[in-house]
Each structure stands twice: as C-alpha cells, then as structure tokens.
2 protein chains.
Amino acid sequence: MQPTGLSKADQAHQHVLKGITTGHYQPGDRLVLSTIADELGMSVVPVREAIRRLQTDNLVQFERNVGATVTGIDPVEYRHTMETLALTEGYSTAQCAPLVTQETLEKARGINEQMRALVAHDFAPEKFTELNEQFHSALFEHHQNPHILDLVHRGWNRLAALRSSTFSFVPSRAISSVAEHEELLKLIADGAEFSIIESAARNHRLNTLHAYLDHHAKSTTIDF
Amino acid sequence: MQPTGLSKADQAHQHVLKGITTGHYQPGDRLVLSTIADELGMSVVPVREAIRRLQTDNLVQFERNVGATVTGIDPVEYRHTMETLALTEGYSTAQCAPLVTQETLEKARGINEQMRALVAHDFAPEKFTELNEQFHSALFEHHQNPHILDLVHRGWNRLAALRSSTFSFVPSRAISSVAEHEELLKLIADGAEFSIIESAARNHRLNTLHAYLDHHAKSTTIDF
DNA sequence: TACCTGCAAATCGTATACGATCTGTAGCAG
DNA sequence: CTGCTACAGATCGTATACGATTTGCAGGTA
C-alpha cells in the first residue's frame, strides 16, 4: 500500500463527516461503532476515535455506555453556531481584506452574480448555500492565523451538518444577502478600515440569523 | 466503586492536562503512551484518546508513528493564541456586560485591587497571571453561547500550557493592565454600548500581546 | 390496568497482543 | 574520515477478546 495513506482513524473520520454533511446520516440517527466498523472493513477502535473527534466539533452527541447520535437541528444550536461564525468569519474577513487581490475580488463578484441569477430564475436553496460558502471562502481563506481559520471552517462544517439552510425557510433573505455581498465587496475594494469591514461581515451573517429567528418565531409559539 | 466515576479516558485527559498546565510536563517533552498508561495503572487505549483530545486543543503535537510532544512556546503560536483569545473574550465580555451584577462587579474590583497591590509590593508573575484569569472569568463566565464560552476556555488553557506569561517578560505591562481593567469595569458599570466594551476588552488583550512582541523584537533579531 | 422486578440483548469501555513504522546507531565501503 | 546500509529498539496503529453498563421487554403482582 502507499507508504503514507491516511490512517484508518482518518478514513473513518472523513467517512462519517461526509455522511453527515451529505445527509446520509440524518440528525438524530444513531452511529453504532460496530456497524460503521463493518461498513469500512476495520475494527471499532479507529471508528471510536473518529466519533470522538466529531464530538469535539459538536457534530455528534455522545453518551457514555449508550452511543453516539448525529446532532439535531436544534434552533438554539443553530443560533449559537451562526453567532460564533459571525464572530470568527467577520474578523477573518476584515483581516484578509487588505490582502485580497484584484483577481480574487473578480472571482467573488462572479460567484455573487451567479447567486443573483439563481434568485431571479429558479431558486434552489441548496445550490445557493453552496455558492454562498464559496463566496465567503474566497474572502477569508488566506487568513494568517490558523486557529481562527480553523474555527471558521468548523463553523461551516457545523452548518453543513445542520442542513438547516436559512434560505430554505426564508427565501426572501437570499435577495438581501446578495445585496449585502455587493456592499461588502465594495468596502473591500475601497480599502475601508478594519472595523467597518468587520462589522459589515459580522452583521451580514447576523442578519441571516435574525431572518431565521423572525421566521421561526412566527411559526411556533415557543420563544427561545 | 462509584457507579459513574469518570471514564479512564477522562481521568487520563485530566491528568495530562493538569501535568501540562502545572508545568510538570514542559513544552517539548515527549508524552509516551505506554509510560503514562503505567503511571495511571491503565492500558494505553484511554491514554491515546486523551492525547488526541489534547491535540485538537493544540496543547500537544502528534506525529504519526512517532509520538506526542507538549506544544512548545513558539512566539508565533503565542501570537495566534492571544489574537484568538482577544477575539472571543472581547466579544464574550461585551455580551455579558449587561448581565454583570453589582456583586460580580465588586468581586472583579477586589481582584483588580489585589493585582494592584501585587504590582506595588512584591511582584510575582505567576500569581498575577492567576488573578488576571480570575478577573476576566468573572466578567465572561455567564455567557449564553456555550460554543463561544468554550473557545474562551480553550484559549486560556492554551495560555496556561504555554506558561509564557507576558508579565514574566514585560513586568511593566502589569501596570497598564491594571489600569485598563479599571477602565473596563467603569465602562461596564456605566452601561456602555456593546461595541465600546468589545473593543476595549479586545484591545486590552492585544496590548498585552504587543507588549510581548515589542519586547521580543528587541531581544532577538528574528522578525516574525 | 398499572407498576415493579429481573433477565437478555445491544452497545460501549478497556486490556492485551501483535504488526507497522520510525529513529538512531553500529558497521562497512569508499 | 565520510557516507551509506542494515539492524535493533522504541513507539505507535489496529484487531480481537472480554467485562461493564444501559436499555427494553417479558412476566409477575397488587
């Protein structure tokens, strides 16, 4: 075999992570160690390690002597995740702004135009969310602080796992989102100062969150 | 035995974490699974899990088929850690500000006075750092978002592990620090708005970082 | 019917055993 | 003396086996 193929624990990690993000494992599903081990043709030990890694990312809940379940779409959890992402991504975007090249700027504009077209014609929440991630990735991906970059990635992973794309529930938010993207790009292109860009990027995400919360408040009586 | 004592993996985790924060394990030390397992009278499996957990917190570095070492005092890592903590703690402090009770405020003032006394009389960096953590904990501990609170805690853990208390290298920073604490308390007591408190708390930590960087730049020729 | 008791199945937690990989060193060739 | 090779020790990676805990259900009792 290859001298440095991934360790089995890594394989298991990727497998389960993919299963969660693609929706093969639905929130609430149980993740039985032995079952997954059989599927991958390995013993339970590496699988166990993979599950625990996912646990620290809050992608699965783990109860001792009972087992692991995929973390559910708890509205409270959604709020916490979005808030954390607003914080980290906002900072990250602001700090990367001076480093954004003309080329990257163009790329981001292109993605945003695709999003605009999608909104106008046949809106598909999943595709929109995917483009949305690409758009933001382009703006923060070159962050110099690996810790913060890692936090941003974890946030996106968690959102993907929740599959609770706000745009599914609140399509109208997509329009504002595209407009805010354009504004953000303008700020970056103009070389706006750090705090301006940070709060723009942060509020952009918080606005999406609030759109969801407003929508949710109308469809349930439970206040959270 | 107790029906639900900690699992051995948890015991191992706590043991090694404590070893790192207390300095029993120094940065750069190797953490050999079998050795630790013997010390704790358990097999290597739980120890392995504990080490990997510490790895995701960036407290140890792990190389496949080689082993784990305690993360060293890399100035670059220190900067990244402090920057991340500035971000998360600043936000956390700002969001908790409206919830801070009169009682908590008094407690924080008391701690800060102890710090002031320490600076005036026999300055001890370790004690000062400990009080510093207590001071800030009081202000953010009731944060509603567990994700962010967790990030703050991880930051502090990492700092404790690095043991690279800025105040050891730059004692003069301690004086400014106490003054900034007082300012921060005043802002909270006066009910200053969110962004004011956030940037005050963030900059307070960044100032400590910069004090360290300036000091370090003078004592080495390596620019980073 | 409602509730308690006890057993059995499922599942996780850990120990032990063995194979895989890396690192350092001793020995040999040039 | 220098550089390469081969071997031995150390350490991790994983499989297998067994014990511990939880859960659910069946059966009995009030």
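Just so it is clear: chains get the letters A, B, ... in the order the sequence lines come, proteins before strands, and each one is counted from 1.
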(request) Quick one: list whatever passes ring pair (Phe, Tyr, Trp, His ring centres under 6.0 Å) with B:Phe62, sequence neighbours left out. (result) none
(request) Using the test ring pair (Phe, Tyr, Trp, His ring centres under 6.0 Å), find all partners of B:His143 that sit at least two apart in sequence or belong to another chain. (result) none
Can you check the [X] [atom1] to [N] [atom2] distance for me, whole Å?
X       : N      : atom1 : atom2 : result
A:Met42 : D:dT16 : CE    : P     : 12 Å
B:Arg48 : D:dA15 : CZ    : P     : 11 Å
B:Glu49 : C:dT14 : CD    : C1'   : 11 Å
A:Asp29 : C:dT11 : CG    : P     : 14 Å
B:Asn65 : C:dA20 : CG    : P     : 12 Å
B:Asp38 : D:dC12 : CG    : P     : 12 Å
B:Leu40 : C:dT14 : CG    : P     : 12 Å
A:Arg64 : C:dC12 : CZ    : P     : 13 Å

(message) Judged by each residue's nearest nucleotide on DNA chain D, which is more toward the 5′ side, B:Val44 or B:Arg30?
(response) B:Arg30
(request) Nearest-nucleotide wise, let me know which of A:Ser43 and B:Ser34 is further upstream toward the 5' end of DNA chain D. (result) B:Ser34
(message) A:Glu141 vs A:Cys96, test: side chain to side chain contact (heavy atoms under 4.5 Å, CB included). Steps then yes/no.
(response) CA-CA 8 Å; A:Glu141 203 50 60; A:Cys96 283; over 6 Å; no
(request) Scan side-chain atoms only and decide if B:Thr69 and B:Arg30 contain a donor-acceptor pair under the 3.5 Å cut-off. (result) no
(request) Answer yes if the side chains of A:Glu77 and B:His147 hold a donor-acceptor pair under 3.5 Å, and no otherwise. (result) yes
(request) Can you figure out which of D:dA15, C:dT14, D:dC12 approaches the side chain of B:Lys8 most closely? (result) C:dT14
(request) Describe the nucleic acid contact of B:Val32 in one word from base, sugar-phosphate, nothing, applying a heavy-atom distance below 4.0 Å. (result) sugar-phosphate
(request) Looking at every strand, decide which applies to A:Leu31 at a 4.0 Å heavy-atom threshold: base, sugar-phosphate, or nothing. (result) sugar-phosphate
Identify all pairs in which a protein N or O lies below 3.5 Å from an N or O of nucleotides 23-25 of chain C, and state each distance.
none

(request) Classify the angle between the aromatic ring planes of B:Tyr25 and B:His15 as parallel (below 30°), tilted (30 to 60°) or perpendicular (above 60°). (result) perpendicular
(request) Identify the residue among B:Glu198, B:Glu83, B:Glu89 that makes a salt bridge (charged side-chain N to carboxylate O under 4.0 Å, His left out) with B:Arg205. (result) B:Glu89
